Number of protein chains: 2
Amino acid sequence: MNISEKLSPFELVPDDRALAIREALRNAIVDRRLAPGTKLVESEVGELFEASRTVVRAALQMLAFEGLVRTERNRGAFVSNPTPEEARQVFASRRLLEPGIAAAAVDRITDEEIEGFRHHLKAEVRFMSERGPAARRAEIKASGDFHLMLAAVAGNAILQRFMDELVARSSLVIALYGSTGVSRCGHHEHADILEALEQRDAVRASALMLHHIDHIEADLDIRVRDGLALKDALHI
Amino acid sequence: MNISEKLSPFELVPDDRALAIREALRNAIVDRRLAPGTKLVESEVGELFEASRTVVRAALQMLAFEGLVRTERNRGAFVSNPTPEEARQVFASRRLLEPGIAAAAVDRITDEEIEGFRHHLKAEVRFMSERGPAARRAEIKASGDFHLMLAAVAGNAILQRFMDELVARSSLVIALYGSTGVSRCGHHEHADILEALEQRDAVRASALMLHHIDHIEADLDIRVRDGLALKDALHI
DNA sequence: GCTATCACAATCGTATCCAATTCATCGGCA
DNA sequence: TGCCGATGAATTGGATACGATTGTGATAGC
């Protein structure tokens, strides 16, 4: 099975409609087409997807489990609005997981997969050079996909699911707290990590990954935002 | 198979009934009062808890997310029956997370929490000395709780949730693949880890934790079981 | 006697329905 | 004018109803 198929922009729509809705909402949230704090009214979503509230509720419940939406009893579901503390925890978790994932990937990566990564990096560069919010979103998404591809290569389904969640939440965090936007060094670091993978250098790969995560987090401005935190506290 | 006898009816603490049912089922699965492969019929569970299928489905969906039950479309939900590969992945994940959690706990643990751990270890010893399947289950549970307490101390809600899932699945794996039972060295290792925590020795704590996980996994007999795998393949 | 087909029972997936809760608007009153 | 409680619309939580799917057992045919 090749990677590009697993991570193609248009993932195969599962016949299960709840999963399909979950995927669509997930993408919208990660892409920030749905802003944090947005209320997701069950009937509205249902109408949008031509599904009844029952199935929408199932989708929202899944997203709540992933931490992408927050549900409040009798009030509904809202696109998650990560606090600075949550943001820190997301990256602390990634620091724990991803170096190990990179090391595991070294042992299992195939030449085909390396080729897939090269192809992906080219796309990342392309998005970086383009202007506009759409390209910016695509850049954030592609950057996250690199990490997801790596998790897929590592061959541990559990870790892969954890990374799914962490990358999605990272996208939210970056969108919320990103100061200058996606760090421009991101691509180079991805390329360096790929190089270490090619050389089957597990130590270097995991060290580079750790630094990479540190850089991503360092480029953020994770602080309580005046007024936003207030609104957060009483309304969200 | 009748599940009604294996669930103590009222262990519900949270006011949310779906969460209560999830907790009860979760405990039953982790304690192995519900054997892997057992079918969880929605209407049966609902009757047992005096809840409608709607809320039962929500609980089952949550458990499916955690990997404790497996759902098959149009067939229902079954208590998860981890394959050897899944078992290995569970422990690989723990090897990645828990040393870091132990190190983080060193920085945050309070004297009161240390006292709590001491108390918990005493209980572990007590269960170890008792005979019978009930004590055995209690021992497995207490052993897992040690790790969950540590995750709680580490102060990262995301990691704590991951550990919740991993410990629960580990209990299933141990119950399925445990050869000689819970390793008797388990308690000593917990005590050693606690000692490292008291001494605020992060390096030692994480090293001990890593060895501890290795020992737990080494005490298992993670192999495909003749006939069980077959039955597994076509029936589960 | 064995296999294939069919009908029925059990169970799930989903839509719809009703009660409970929340939120906002409006009117009364100090 | 400003605050407080009542009223009503909107929305969620949960139960139920109904069609769809699967598994099973009986029956017929080979």
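Lettering follows sequence order; numbering is per chain, from 1. No experiment lies behind these values; they were computed from the predicted model shown.
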Stepwise side chain to side chain contact (heavy atoms under 4.5 Å, CB included) test for A:Phe91 and A:Val173: CA-CA 10 Å; A:Phe91 282 98; A:Val173 168; 3.8 Å; yes

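- Among all heavy-atom pairs drawn from A:Tyr177 and A:Ile222, the shortest one is CD2-CA, 4.1 Å.
- Summarising the geometry of A:Val69 relative to A:Leu40, their closest heavy-atom pair is CG1-CD1, 3.9 Å, with the distance given to 0.1 Å.
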Atom pairs, N/O to N/O, protein against nucleotides 7-9 of chain C, distance under 3.5 Å?
none

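- Going from atom CD of A:Glu42 over to atom C1' of C:dC17 covers 15 Å, rounded to whole Å.
- The separation between B:Glu72 atom CD and C:dT11 atom C1' is 13 Å, rounded to whole Å.
- Between the CZ atom of B:Arg75 and the P atom of C:dG13 there is a distance of 11 Å, rounded to whole Å.
- Salt-bridge formation is not detected for the pair A:Lys141/A:Asp31: no Lys NZ or Arg NE/NH1/NH2 atom is positioned less than 4.0 Å from an Asp or Glu carboxylate oxygen.
- Where B:Ala77 and A:Ala51 each meet DNA chain C at their nearest nucleotide, the meeting point lying more 5' is that of B:Ala77.
- With hydrogens and angles left out, the side-chain atoms of B:His190 and B:His120 include no donor and acceptor closer than 3.5 Å.
- Within 6.0 Å of the CD atom in A:Glu85, the count of heavy atoms belonging to other residues, nucleotides or ligands exceeds 12.
- Using a 4.0 Å cut-off, some side-chain N or O of A:Arg17 falls inside it from OP1 or OP2 of C:dA15.
- Taking the side chain as every heavy atom from C-beta outward, A:Glu130 and A:Glu139 never approach each other to under 4.5 Å.
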Please write out each protein N/O paired with an N/O of nucleotides 18-21 of chain C under 3.5 Å, distance rounded to 0.1 Å.
from, atom 1, to, atom 2, distance (Å)
C:dT21, O3', A:Asn74, ND2, 3.4

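- Contact record, A:Arg70 with A:Asn81: NH2-O, 4.5 Å, taken as the closest heavy-atom pair.
- Residues B:Ser170 and B:Arg94 have side chains that bring a donor and an acceptor to within less than 3.5 angstrom of each other.
- A heavy-atom distance below 4.5 Å is found between the side chains of A:Ile158 and B:Leu166.
- Between the C1' atom of C:dT22 and the CZ atom of A:Phe78 lies a distance of 11 Å, rounded to the nearest Å.
- Between A:Glu72 and A:Lys39, no side-chain nitrogen of the basic residue sits less than 4.0 Å from a carboxylate oxygen of the acidic one, so the salt-bridge criterion is not met.
- C:dT11 atom P lies 12 Å from atom CG of B:Leu40, rounded to whole Å.
- Nearest-nucleotide positions on DNA chain C place B:Ser43 closer to the 5' end than the other of A:Glu50 and B:Ser43.
- The span of DNA chain D lying next to chain A, judged by atoms under 4.0 Å from heavy atoms, is bounded 5' to 3' by D:dT11 to D:dG14.
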